[in-house]
Number of protein chains: 12
Amino acid sequence: MINLLLINGPNLNLLGQREPSLYGVQTLETIETELYKKAEKAGIKLETFQSNSEGSLVDQIQKAIGEIDAIMINAGAYTHTSVALRDALLSSEIPYVELHLSNTFSRESFRHKSLLADRAVGVITGFGPMSYQLAFDGILSFLKHQDRK
Amino acid sequence: MINLLLINGPNLNLLGQREPSLYGVQTLETIETELYKKAEKAGIKLETFQSNSEGSLVDQIQKAIGEIDAIMINAGAYTHTSVALRDALLSSEIPYVELHLSNTFSRESFRHKSLLADRAVGVITGFGPMSYQLAFDGILSFLKHQDRK
Amino acid sequence: MINLLLINGPNLNLLGQREPSLYGVQTLETIETELYKKAEKAGIKLETFQSNSEGSLVDQIQKAIGEIDAIMINAGAYTHTSVALRDALLSSEIPYVELHLSNTFSRESFRHKSLLADRAVGVITGFGPMSYQLAFDGILSFLKHQDRK
Amino acid sequence: MINLLLINGPNLNLLGQREPSLYGVQTLETIETELYKKAEKAGIKLETFQSNSEGSLVDQIQKAIGEIDAIMINAGAYTHTSVALRDALLSSEIPYVELHLSNTFSRESFRHKSLLADRAVGVITGFGPMSYQLAFDGILSFLKHQDRK
Amino acid sequence: MINLLLINGPNLNLLGQREPSLYGVQTLETIETELYKKAEKAGIKLETFQSNSEGSLVDQIQKAIGEIDAIMINAGAYTHTSVALRDALLSSEIPYVELHLSNTFSRESFRHKSLLADRAVGVITGFGPMSYQLAFDGILSFLKHQDRK
Amino acid sequence: MINLLLINGPNLNLLGQREPSLYGVQTLETIETELYKKAEKAGIKLETFQSNSEGSLVDQIQKAIGEIDAIMINAGAYTHTSVALRDALLSSEIPYVELHLSNTFSRESFRHKSLLADRAVGVITGFGPMSYQLAFDGILSFLKHQDRK
Amino acid sequence: MINLLLINGPNLNLLGQREPSLYGVQTLETIETELYKKAEKAGIKLETFQSNSEGSLVDQIQKAIGEIDAIMINAGAYTHTSVALRDALLSSEIPYVELHLSNTFSRESFRHKSLLADRAVGVITGFGPMSYQLAFDGILSFLKHQDRK
Amino acid sequence: MINLLLINGPNLNLLGQREPSLYGVQTLETIETELYKKAEKAGIKLETFQSNSEGSLVDQIQKAIGEIDAIMINAGAYTHTSVALRDALLSSEIPYVELHLSNTFSRESFRHKSLLADRAVGVITGFGPMSYQLAFDGILSFLKHQDRK
Amino acid sequence: MINLLLINGPNLNLLGQREPSLYGVQTLETIETELYKKAEKAGIKLETFQSNSEGSLVDQIQKAIGEIDAIMINAGAYTHTSVALRDALLSSEIPYVELHLSNTFSRESFRHKSLLADRAVGVITGFGPMSYQLAFDGILSFLKHQDRK
Amino acid sequence: MINLLLINGPNLNLLGQREPSLYGVQTLETIETELYKKAEKAGIKLETFQSNSEGSLVDQIQKAIGEIDAIMINAGAYTHTSVALRDALLSSEIPYVELHLSNTFSRESFRHKSLLADRAVGVITGFGPMSYQLAFDGILSFLKHQDRK
Amino acid sequence: MINLLLINGPNLNLLGQREPSLYGVQTLETIETELYKKAEKAGIKLETFQSNSEGSLVDQIQKAIGEIDAIMINAGAYTHTSVALRDALLSSEIPYVELHLSNTFSRESFRHKSLLADRAVGVITGFGPMSYQLAFDGILSFLKHQDRK
Amino acid sequence: MINLLLINGPNLNLLGQREPSLYGVQTLETIETELYKKAEKAGIKLETFQSNSEGSLVDQIQKAIGEIDAIMINAGAYTHTSVALRDALLSSEIPYVELHLSNTFSRESFRHKSLLADRAVGVITGFGPMSYQLAFDGILSFLKHQDRK
């Protein structure tokens, strides 16, 4: 059985409450609930985690070692500043997908550079809550192809 | 009825024949066939176009005006060099998704900058042929949400 | 009644104990006490918070939503590195003033760039403990003018 | 008795007449009048000077030597281009506060660099006409602390 | 009746006397005379002003407020260094055309950046004295189109 | 008799149909028609050419050798990316004017650099369809002055 | 039997006709004729191709797959701008030599960077028509050494 | 008696478990145990601390004030991103040695810049677990020389 | 008879009064007096001019045309910011020496770039008041050698 | 038996004689003597070499091929400028440690970049003469671990 | 009779002994021997010189003045760092070819910039020992064409 | 008695023989002879040294310690590349003047940066052989003023 972990970084717990023009009106809870359903249907075990703290996110990725087959991560602001998160992901040797709700390339220039992207399986950005569903499908497809090798 | 256009840029006609470690073993034909099936199932009209010529790609985007509801574009090398393609897409006012087979962020630094990304609905990169399927699902989801507004 | 929040970032709990030539001899406690007095005199409710942890600062800003009318923030080192703090402040939609004890422009070049300044109401830098009083007067003046509109 | 000089640079004589969304509706005269009152109340002698000419501003700062205890300067556009103004201020050895009506960090990138800031006592930016009052309070506080040493 | 102002910046009073290979053999007087004739024929009131002083140029632009419908400006060296001139033009809210006798793009690299161009109606560069005539025709055309809206 | 060639680059065939706020409402056909009239009146032979293909534009410039006295070129997006176009123009040794409908300096930063400008007779930018008329007058004036030498 | 392909990019069809001080007086035809003779003497099959169109050059390289043992390419202006050409050469997995008539390092700075050089067998620049002969000898020597391995 | 503190930053708790080619096979526990032995033999009191959280590392350095004579710090990823850690170390006025297991100069370019190095006593990088022993010897030697002054 | 002009820029009228560690204790008057003596002895006519205004300096250089054989200029702060001064000097076609009292290369980085140096006969920097004497000797030597040609 | 070579670059022969605040009071002779003792005790053969000439240092490294097991190098100024030294070390395929007496990161910015560091076993900087002892221990530890593999 | 000089810079005396994957297996002696044969056959006098010392290379180039008609130079590491070598070559006014065994463009970025290339007749890079033969043919061809003029 | 040392770097031994338009027609011998005369007249002991080797120049500066009161140095190409020379001069603690025959600011951009200038007494550039005389006068004036303190 495949075990997936969804990680959300700082301020994503506010989803649906503030700045709807940028991030949409769905709450993180709704997004996670829909993803749990999708996972159940696909016979996959899903865990979710959100934190505003860089250290807690690193801790969580470390805990995933040996438990989790792949990670979906929306690292929010830490995408652009956290070498620690990058190191945690690389040390864990768990494949991961980077995802974003908004199109980071149409925002401030310091959001154009990701410290996670070059070692990710793939990157999905700009589709709102749908980004999570696409990340789910994308990482699953990746795991299946890897399996066959 | 929704009309989608899939555009593939230079050298993507070689898919499946060369550099499989970078681009996978599926041909462009196979990828397009699978996407046609997916479109048919969803009741959507799909057109596809590939060219190695920047000018022909611009021509094709211009022809899409008034005919096509959304574009999926893997502009290949022109992603990083063609302001003309950007202008064609913006002039057409057709929403588009940028997609890539390989993870452009883990390749040469001149591939880290896209001239199309900041005005795209979203960007999908790194999932191999699956990137096309995710782009299809992503743009469809975008069109439906836009509709409801 | 106006509710103000004063946030102090990393190492500001050491104020008055170390490097007096750079930061002065007053402790953070003294500074806060003087500000409480000033607030009381002005009939304003003041809360204060200090943490060395980026995540806790983000948490605190999120808690301020719906409770606080304006924030005075001396984010210390995080001023120059934390996109997460910026996102928290912007998501909260609470007006804020950025302040510094020392003149950041006369220090290391990495302190010349603030990730918070461009979206702040205003910035006050270099007046030592007096910076806090000026920030208080400045944000109050801002709130009153906003009110009248 | 303390002697203060307020210097306003190019185009600040237009205040209150043009671009009110950027600079507010108060004229420079009103701002100066309020500051004169504040000075009188505090038993301080205030002089004011405005010019559109870099050379005249340099002349005025030179005249202040031996007469003036501190300068408040809103150098406007010359903040970002005038090494001559910087040299005049440094040669005068008079402490000065840099102030701005608008938040220069949220405007064009060439306004993010000040040639005066690193040697100023402090910098105040973004509070509209209130910036002048804060600068007044800030420089006075500085002079008093300096005195006690 | 339309009122136009032609402003010439530093060293343009030397036109026709020095460096003819760069700036041509016509004097500024001749250029202005031809433009006066052209204006008269078109029933337009033209004023001209030249100064080597940045401050005087700013003063003149301020005087134009409420009097002048459009400005033609060859700011010479100040094109590349004067934020004060830019601010004066923007504060005046008078539409302006930037013009140059020589082709600034084929000269020293510090002449490739204009501080006025991005907010101008248009820019004309390289046609020698003819640049003035083209600027005249261009700004007139602009005013007429604006009128019709 | 003077022979002029007007070259329009990619997406300029869409003029008047899309993005009117950026490029105006006149079609390329209207612009060319007006220019033909102007040419006829002046006793000048005018040819026009538009293509979305960099290669075809190069071909056309090569064909102009020995036939054409001067070129007016709005190279659109290729202005900023095509060394090939630059080489064709330089190899042809035909004098040319660079022109743009919109003010390229107020748009994306990659449009601030032209690969053609430094070797052009002159550059005209920002006057909408009037830019073509000014370019016509400018290049004609250039040819006449050259003649007299 | 060894099959070689010589590719010439934009404007090289003008060789010998324009700018002789930069490119010499020999036509491309003469250069190709001499190279055909040299190939015949060496018992090698040579094909040549020239185009001003980036897309056609990509097409031609794709056609070479499985037919051609090595490519000599003078990509002209596309050397510095075409990622598509680079991708075509890399996808083809055919070894290639980059060559130039003029010394690109003594020309405009944008000609100092080649998008093809780092993956070429070698680069030859500055010897005029002799560059073609040296490229021929160089690539042949490369093929022979590769053979022996 | 000398009191030393060894601080390890994010992901160093994973040592010996993941990426052995980069970081070696020894666990952090083993490294610390060996260092405790070395300290005991030298009659020195050693404390150790590891955390994935930037804030906790700052807290720990603050606690060291007045207790600890020198710090050995392997700040891991925070070496390159944490101004807060730098400020904590400088505020504490405790001498410190920066150390790394791997050679940071042969890794990603963002690891070439340390925010701690310029104010450290010295830096040791690349010797694997031996880096800790060298840091111990180096800081001890520093303390002894300082003593003698 | 040779006519020399000595030009001093902004703040040099303060010489000998402020910042003696940087600029020495001699006043500008003393320096000029010594230079007048030197000129008289050498049978050379010397004029001197100082202004804090960029425009007045430009005016003065223009007046020198046809009157002055060579200029010695200490442009002070304008050395680093004034394209207008550069243009005036170049337009005048009068040979000039650039000189500085202090060593500009050991000061702020914005003083390392001179807008006048590349077209000067020579540059003398760092010798205090002696710089003026060396400039005098240097420009005289230049004029004599030029004469003999 | 292990053979070590210690190489000291330009100006290190002056050690202990000049700039003691930067480099300490020990002479190079003393440092080498202490290292010889340490080597003898450890049963290791040590050679030392110092030169001010880049070429002689290259010569010496070439002579070490086949004779020396590891190099300790304090290349002084050549650390930052000599590609030749880098090439000699890489060509020799002898493992080496880079060391410095002073902390190069707290000095001029051109000393922050080493041309040797990325290929060194490790780097030790800032411990004064102790740096040599640490380098000795570090390289020995490296050789022993390598041995065991 | 033509006199040629072949100069080899630092570490090229190691050719064939170390790093064969980068530089091949032929020794410098073999390469020189083959070139002597080629020269003899062509009736040309060849001299060769190798040194690891920048100064000796400069000396040798100076000695070539008046003796040598053209230089072939593989300056190795000094290609990228030696302005002195550039000056020697330019002062000598002897035409020269720059050559390299390996493809410098596919190596470290500091090898992409040559201080010799822009003033060379031509550059040949990447063909291994064959580069020397091509350089020989290239410079000879250059000398013959120059002769005929 | 004052002891002066004149140091000339690489290629300056060619003076008067090559590139007279750049460096003049006087030989180094003539220049030194004139300077010896000047020194004798002033009662000063002068030594001169020239070398093409960076190491020898460093050696010579080291020998000057305790013997020489001031150095005049024209380091030629090493001005822009030699940190070793800088270190030798700083270690020697001998005051020095940097001088150049040509105006380095009007030559290649890599000659605009000097590694010696910021720590020199002063810099003289562009006066041809006269630069040596001015350097002599300048350093003497410096020594006399230093004496009086």
Side-chain angles (χ1 to χ4, degrees), chain A residues 20-21 23-26 31 34 38 70 72 74 79-80 86 89-90 95-109 111-146 148-149, chain B residues 20-21 23-26 31 34 38 70 72 74 79-80 86 89-90 95-109 111-146 148-149:
Chain A
S21 72
Y23 298 112
V25 297
Q26 287 196 35
I31 289 173
E34 284 188 29
K38 192 174 178 122
M72 295 169 285
N74 178 350
T79 307
H80 317 296
R86 174 192 179 88
L89 286 164
L90 297 193
Y96 64 94
V97 170
E98 175 184 337
L99 75 106
H100 300 282
L101 288 153
S102 65
N103 182 346
T104 50
F105 301 110
S106 57
R107 300 180 63 194
E108 303 99 319
S109 66
R111 288 193 216 270
H112 298 185
K113 174 76 195 152
S114 161
L115 284 161
L116 311 180
D118 66 316
R119 301 293 290 271
V121 169
V123 181
I124 289 166
T125 179
F127 295 92
M130 183 68 183
S131 287
Y132 288 85
Q133 310 243 358
L134 298 175
F136 184 94
D137 293 342
I139 197 69
L140 227 68
S141 160
F142 170 80
L143 289 174
K144 281 173 192 167
H145 277 83
Q146 213 182 30
R148 262 180 261 153
K149 288 187 208 174
Chain B
S21 72
Y23 298 111
V25 296
Q26 287 195 36
I31 289 172
E34 284 188 29
K38 191 173 178 124
M72 296 169 285
N74 178 350
T79 306
H80 317 296
R86 173 193 180 88
L89 286 164
L90 297 193
Y96 63 95
V97 170
E98 177 184 335
L99 74 106
H100 301 281
L101 287 152
S102 65
N103 182 345
T104 50
F105 301 110
S106 56
R107 301 180 63 194
E108 303 99 319
S109 65
R111 287 194 217 269
H112 298 185
K113 175 75 195 153
S114 161
L115 284 161
L116 310 181
D118 66 316
R119 299 294 289 272
V121 168
V123 181
I124 289 166
T125 180
F127 295 92
M130 184 67 182
S131 287
Y132 288 84
Q133 310 243 358
L134 297 175
F136 184 95
D137 292 343
I139 197 70
L140 228 66
S141 161
F142 170 82
L143 290 173
K144 282 174 192 165
H145 277 83
Q146 214 183 28
R148 262 181 261 153
K149 288 187 206 172

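In this text, all values refer to a predicted model and were calculated from it rather than measured experimentally. Reminder, nothing fancy here: chain letters follow the sequence lines and each chain counts from 1.
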Among the options B:Gly126, B:Ser102, B:Gly122, pick out the one with the most heavy-atom pairs lying under 4.5 Å from chain A. B:Gly122
Check side chain to side chain contact (heavy atoms under 4.5 Å, CB included) between B:Pro129 and all other residues, then give those that pass, not counting sequence neighbours. B:Gln26, B:Ile31, B:Leu101
Nearest 0.5 Å, what's the OG-CZ distance between B:Ser114 and A:Phe105? 7.5 Å
Is it the case that the side chain of B:Asn103 and the backbone of A:Ala120 share a donor-acceptor pair, with hydrogens and angles ignored and the cut-off at 3.5 Å? yes
By salt bridge (charged side-chain N to carboxylate O under 4.0 Å, His left out), B:Glu108 pairs with (sequence neighbours left out) B:Arg111, G:Arg86
Heavy-atom contacts under 4.5 Å, residues 132-140 of chain B to chain A: B:Leu134, B:Asp137, B:Gly138, B:Ile139
Residues two or more places apart in sequence or in another chain: which of them pass side-chain hydrogen bond (donor to acceptor under 3.5 Å, both in side chains) with A:Arg119? none
Positive for side-chain contact (heavy atoms from CB on, under 4.5 Å) with B:Val123, one of A:Val123, A:Thr125, A:Thr104: A:Thr125
Rounded to the nearest 0.5 Å, how far apart are NZ of A:Lys113 and NE2 of B:His112? 6.5 Å
Under a 4.5 Å heavy-atom cutoff, which of B:Met130, B:His100, B:Arg107 has the most pairs with chain A? B:Met130
